[in-house]
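Report on one structure; see the data block that follows.
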Amino acid sequence: MTYDIDRIEALIDEGVRDKVYPGAVWAVGHANGTSAQGATGVLDPDEPDVPMRADTVFDAASLTKILAVWSSLGALWEDGALDLDQPLGSFWPEVSGHPLGAVTARQLLTHTAGLPLRAQLKNLYGTDEDDIRRGVLHEQLHRRPGEAVEYTDRAALILGYLAEHLAGRPLDELANARVWQPLGMNSTQFGPLPDEIAARCAPTELDPDTDIHLKGIAHDFSARLLGGVCGIAGTFTVVDDLAMFLHRLLDTPNAWTSESLTIQTGALEPTRGLFWHPAAGTTPTEGVWVHYGFTGTGMWISPQQQRWAVLLTNKLYYTRDRQPLTEIRNTFRRLSFPDR
């Protein structure tokens with residue numbers, strides 16, 4: 001199992017030179033661990049003498065959906081506490097009698113539940129966390145469940161609430177107890193981060209309220225509105241923790257991972273597994289699955305090839321334009337999962 005490390009390093013360095021991101025940390029590996037990793041660029045352009053390092057903390061953004069929600073639900077599913085195809089209203093009193101009660105967890109995990117496409121939590125429900133929860137769980141559907149694949153942050157928010165209901169504990173405590181601590185992911189946590197950890201966090205977008213780049217505080221507005229902990233976003237992590245997470249998925253395969261990394265959407269497009277989706281430009285036989293985070297994070301896994309890869313950047317420091325990073329991500333994926 002070999003990688004063209006020189007080409008990977010040149011690619012990631014090019015992203016720094018082109019100001020796609022201030023810096024990046026990456027790793028590639030297999031079921032036994034990490035094959036290679038590196039860091040390039042700076043933590044913050046305002047502090048050009050502070051480099052990106054292997055222990056740089058990143059706002060994981062939507063990787064939270066995998067690290068906290070998907071993994072916690074998997075533990076509950078393996079416990080027998082969750083039936084993916086049972087209508088939520090049949091076992092969850094909060095949604096019984098409301099449109100969401102007819103939806104299943106599988107439909108939420110495949111983004112086929114027919115939910116509204118935008119969160120808009122503050123505009124619709126205000127700033128009280130209980131009002132937001134009630135509003136989200138009682139909202140009308142955008143379309144009939146199972147009709148279309150439409151990505152929406154609401155799916156992860158609702159599944160986070162569901163995990164809390166089933167486990168009887170907050171999502172951050174659940175993920176830490178069932179996933180992060182057992183795997184030794186000791187640097188993964190929900191924010192806001194304490195000052196000493198925030199100091200080595202890669203800054204994201206400029207906060208218009210403070211005129212300072214966000215650092216140690218979730219970029220995602222919904223996560224901030226909900227105190228930092230929610231299914232949409234809010235986790236912070238480091239490359240070694242993600243490497244541990246991914247290589248353990250390969251090293252100790254289970255029914256949840258197998259189910260999740262299988263197309264679950266039938267003839268509907270775009271195809272989806274359970275929260276994971278096939279990487280752009282790959283074929284089903286390659287079996288490369290991916291999830292991204294809006295801040296510039298991403299992770300890939302392929303049980304068929306027994307490989308995984310992580311690319312962490314803070315591209316949001318410069319811009320919300322996705323295209324430059326998309327090109328780098330796609331090339332990084334090709335280099336990390338070369339044709340055999």
Side-chain angles (χ1 to χ4, degrees), residues 1-3 8 12 24-38 58 60-75 77-78 109-111 151 156 175 178-180 182-185 188 235 237-265 270-293 296-313 325-326 328-340:
M1 184 176 294
T2 60
Y3 297 91
I8 290 176
I12 308 303
V25 181
W26 61 274
V28 293
H30 46 79
N32 295 325
T34 300
S35 298
Q37 67 181 87
F58 287 84
S62 280
L63 295 192
T64 299
K65 296 174 172 68
I66 298 294
L67 299 176
V69 179
W70 173 82
S71 55
S72 293
L73 286 175
W77 181 77
E78 290 172 343
L109 285 160
T110 54
H111 293 283
Y151 183 92
R178 295 301 304 269
V179 184
W180 303 339
L183 291 180
M185 297 169 62
T188 300
T235 55
T237 193
V238 299
V239 70
D240 285 348
D241 279 14
L242 296 185
M244 177 69 73
F245 181 81
L246 292 169
H247 92 65
R248 285 294 294 274
L249 291 184
L250 295 178
D251 181 45
T252 54
N254 57 42
W256 177 247
T257 302
S258 177
E259 182 85 358
S260 300
L261 303 183
T262 303
I263 292 174
Q264 299 283 331
T265 45
T271 55
R272 288 265 171 185
L274 301 182
F275 264 10
W276 296 87
H277 62 89
T282 64
T283 65
T285 55
E286 291 175 283
V288 183
W289 297 80
V290 67
H291 207 290
Y292 299 123
T297 58
M299 57 185 183
W300 297 254
I301 188 169
S302 174
Q304 284 91 324
Q305 297 188 39
Q306 287 289 289
R307 294 175 183 253
W308 57 262
V310 175
L311 176 60
L312 301 176
T313 80
L325 182 60
T326 296
I328 289 173
R329 280 170 165 170
N330 290 341
T331 304
F332 178 72
R333 188 270 307 159
R334 287 194 292 272
L335 293 171
S336 301
F337 299 87
D339 294 335
R340 289 175 294 176

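What's counted below: heavy atoms across the whole structure, side chains too, no hydrogens, waters or symmetry copies.
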Scanning both residues in full, the closest heavy-atom pair of Ala31 with His247 reads O-ND1, 3.3 Å
Which heavy atom in Ser336 sits nearest to a heavy atom in Val28, and how many Å separate them? OG-CG1, 3.4 Å
Identify, with sequence neighbours excluded, every residue that meets side chain to side chain donor-acceptor pair (under 3.5 Å) alongside Trp70. Ser260
Which heavy atom in Leu311 sits nearest to a heavy atom in Ala24, and how many Å separate them? CD1-CB, 4.3 Å
Would you say the side chains of Arg334 and Thr331 form a donor-acceptor pair under 3.5 Å? yes
Could I get the full list of ring-ring contact (aromatic ring centres under 6.0 Å, His included) partners for His111, not counting sequence neighbours? Tyr151, Phe275
Taking side chain to side chain contact (heavy atoms under 4.5 Å, CB included) as the definition, give me every residue that meets it alongside Ala243, ordered by chain and number, with sequence neighbours left out. Thr34, Trp308
Counting distance only, does the side-chain N/O of Tyr3 pair as donor-acceptor with the main-chain N or O of Gly29 below 3.5 Å? yes
For the atom pair OG1 (Thr297) and CG (Leu242), what is the distance rounded to the nearest 0.5 Å? 8.0 Å
By side chain to side chain contact (heavy atoms under 4.5 Å, CB included) - contacts of Thr283 (at least two apart): Thr285, Glu286
Can you name the residues that form a side chain to side chain contact (heavy atoms under 4.5 Å, CB included) with Ala280, not counting sequence neighbours? Asn330
Smallest heavy-atom separation, Trp256 atom then Leu109 atom, equals CH2-CD1, 3.9 Å
Apply side chain to side chain contact (heavy atoms under 4.5 Å, CB included) to Ser302 and list each qualifying residue two or more places apart in sequence or on a separate chain. Val288, Gln304, Gln305, Phe337
For Thr235, give me all partners under side chain to side chain donor-acceptor pair (under 3.5 Å), at least two apart in sequence or on another chain. Thr64
Partners passing ring-ring contact (aromatic ring centres under 6.0 Å, His included) against Phe332 (at least two apart in sequence or in another chain): Trp300
Using salt bridge (Lys or Arg N to Asp or Glu O under 4.0 Å) as the criterion, list what pairs up with Glu78, not counting sequence neighbours. none
Once you round to the nearest 0.5 Å, how far does CD of Gln264 lie from CG of Leu274? 4.5 Å
I need the full list of side-chain hydrogen bond (donor to acceptor under 3.5 Å, both in side chains) pairs touching residues 270-279, with sequence neighbours left out, sorted by first then second residue. none
Nearest heavy-atom contact between His30 and Leu250 is C-CD1, 4.1 Å
Taking Leu67's backbone N and O only, do any of them form a donor-acceptor pair with Trp180's side chain (distance below 3.5 Å, no angle check)? yes
Distance from Asn32 atom CG to Gln306 atom CD, nearest 0.5 Å? 8.5 Å
Going by the rule ring-ring contact (aromatic ring centres under 6.0 Å, His included), which residues pair with Trp26 if we only count those two or more places apart in sequence or in a different chain? none
List the atom of Met299, the atom of Leu63, and the distance in Å for their closest heavy-atom pair. CG-CD2, 4.1 Å
Tell me, please, which residues at least two apart from Phe245 pass ring-ring contact (aromatic ring centres under 6.0 Å, His included). none
Measuring from Thr257:OG1 to Ile301:CD1, what's the distance to the nearest 0.5 Å? 7.0 Å
Going through the checks in order, is the side chain to side chain contact (heavy atoms under 4.5 Å, CB included) test met by Thr188 and Val179? CA-CA 10 Å; Thr188 300; Val179 184; over 6 Å; no
Sub-4.5 Å side-chain heavy-atom contact between Arg329 and Val290: no
Report yes if the side chains of Val310 and Gln37 come closer than 4.5 Å at any heavy-atom pair, otherwise no. no
At what distance, to the nearest 0.5 angstrom, does OG of Ser71 lie from CZ of Arg248? 13.0 Å
